[in-house]
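Chain naming here is simple, since letters A, B, ... match the order of the sequence lines and numbering starts at 1 in each.
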2 protein chains.
Amino acid sequence: MSPNPVIPDTAVTRLATYLRVLSERQVEGRLHVSSAFIGAAAGVSPDQVRKDLSHFGEFGRPGVGYDLEQLRYHLARILRLDRVRPAVLVGAGSLGSALARYTGFPQRGFRIAAVFDIDPQRVGTKLGELTVEHVDCLSRRVAELGASIGIIAVPRWACQSVVEQLAAAGLQAILNFAPGKVDVPEGVNVRSVDLARELECLAYYLPG
Amino acid sequence: MSPNPVIPDTAVTRLATYLRVLSERQVEGRLHVSSAFIGAAAGVSPDQVRKDLSHFGEFGRPGVGYDLEQLRYHLARILRLDRVRPAVLVGAGSLGSALARYTGFPQRGFRIAAVFDIDPQRVGTKLGELTVEHVDCLSRRVAELGASIGIIAVPRWACQSVVEQLAAAGLQAILNFAPGKVDVPEGVNVRSVDLARELECLAYYLPG
DNA sequence: GTTTGTGAATGAGTTCACAGCA
DNA sequence: TGCTGTGAACTCATTCACAAAC
């Protein structure tokens, strides 16, 4: 497969949004969608939609729009979502437990295949369908499961170590919920979500 | 208080990061910090740090740097974090429960003061210190608690309605975890975090 | 008439570079 | 010498505008 072109990260985020739009009830039964339609549903301009798609080829027909199923297929392929990608979760605290149970992931094609923790008290406990495993098993289990994505829901002090363990296990994509800067191993892509910081940013726009 | 200037949203995010850096163990005991130090800890260039701060005044001294305590005070004031801001949470499902228990919020000065749900089965149950209340009480409770921020952890279908209820209750800042586009009432700031989309974006950078 | 794809123009944000102060 | 604050230069993303296709 040809490597994906370098495009703005904001554009990647929008592509994921377009894919979601194409999977909504609203479009069921439709054969074609226009860039204007997608844009309206995604909250961006039609120009932006066309520009984003144009990085990857010509998917539409002038005067008609985009073939719904075909565009969905192409977006899934572009985002590497044409196969189920098992993910492993490290950290079975309150946030980790919620992520393991979160119904939003399966709906969007992600399966949390295993959960790990370092606390012996948590190892062996059930989390929905899954049993919490010790983090020492990480490397072996990643290989067994063919996991390609890691999710980190541990306290800040443990984060750097977990990133390195996930990288050593061969994972190249990590979603991190621990705040703070992480040194990212070569060839690994880490995306961080700092929940408290989101609240802090909101506060900026408050009056008084 | 003078209204905050219009600056890039990315800059607001960075300011929040600087504030976190200044609150870390690493800086304890220090009297001054340089833009280079802050930048290294936050993962941005020293220039960027100075530019971001320059929107709000001159806080540093050439040849010396920034007075640690003073800069922390100013950043907290800029981000409107100089007082505790009670938040209300709507949705007591798996994600909502985790957010209610999440220790990362109190550490950063946010207190979840009440939790609401529409499901009678959930109303009355305990979530840590809090008891889940019916969403009909939202408006009254927001006023009682003096809450200024709302957090939405409900399914997508309920999201728009909850946004409107929170807006009607007088809240002007909302952190939304439901995917999908929301129509934002005038004067309200909604910030959305789509957890599944984060995974989708990561997948783009995977090989093969 | 409608809608795509894309080069050109615009605009926003970051980096540079340096004057000025400690 | 070390570090800040800031206008100028630059880079990069978005918007515009239009030719070509349906």
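- Residues satisfying the salt bridge (Lys or Arg N to Asp or Glu O under 4.0 Å) test with A:R140, not counting sequence neighbours, are A:E144.
- Evaluation of the salt bridge (Lys or Arg N to Asp or Glu O under 4.0 Å) test over residues 51-68 of chain B, restricted to residues two or more places apart or in two chains, returns B:R14-B:D52.
- Sorted by residue number, the list of members of residues 16-30 of chain A with any non-hydrogen atom under 4.0 Å from DNA chain C is empty.
- One can place CZ of B:F56 at 16 Å from C1' of D:dT6, the figure rounded to the nearest angstrom.
- Applying the side chain to side chain contact (heavy atoms under 4.5 Å, CB included) test to B:V184 and every residue at least two apart in sequence or in another chain returns B:V182, B:V188, B:V190.
- The residue among A:G63 and B:V33 whose nearest nucleotide of DNA chain D is located toward the 5' end is B:V33.
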For every nucleotide of nucleotides 9-20 of chain D, 5' to 3': is a protein heavy atom under 4.0 Å from its base (B), only from its sugar-phosphate (S), or from neither (-)?
-> ----SSBBB---
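- Of the charged side-chain nitrogens involved, at least one lies within less than 4.0 Å of a carboxylate oxygen, so that A:E69 and A:R72 count as a salt-bridged pair.
- In this structure A:F37 satisfies the ring pair (Phe, Tyr, Trp, His ring centres under 6.0 Å) test with no other residue, sequence neighbours excluded.
- Look at NE2 on B:H55: it is 13 Å from C1' on D:dG7, rounded to the nearest Å.
- Legend: residues meeting side chain to side chain contact (heavy atoms under 4.5 Å, CB included) with B:D136, ordered by chain and number and at least two apart, are B:H134.
- A search for salt bridge (Lys or Arg N to Asp or Glu O under 4.0 Å) contacts involving B:R85 returns nothing, not counting sequence neighbours.
- Of all nucleotides in DNA chain C having an atom under 4.0 Å from a heavy atom of chain A, the first and last in 5' to 3' order are C:dT2 to C:dA8.
- Sequence neighbours left out, the pairs with a member in residues 150-175 of chain B that pass salt bridge (Lys or Arg N to Asp or Glu O under 4.0 Å) are A:E24-B:R156.
- Listed by chain and residue number, A:S34, A:P46 satisfy the side chain to side chain contact (heavy atoms under 4.5 Å, CB included) test with A:A36 (two or more places apart in sequence, or in another chain).
- Residues satisfying the side chain to side chain contact (heavy atoms under 4.5 Å, CB included) criterion with B:F105, sequence neighbours excluded, are A:L195, A:A196, A:L199, B:L99, B:Y102, B:F110, B:I112.
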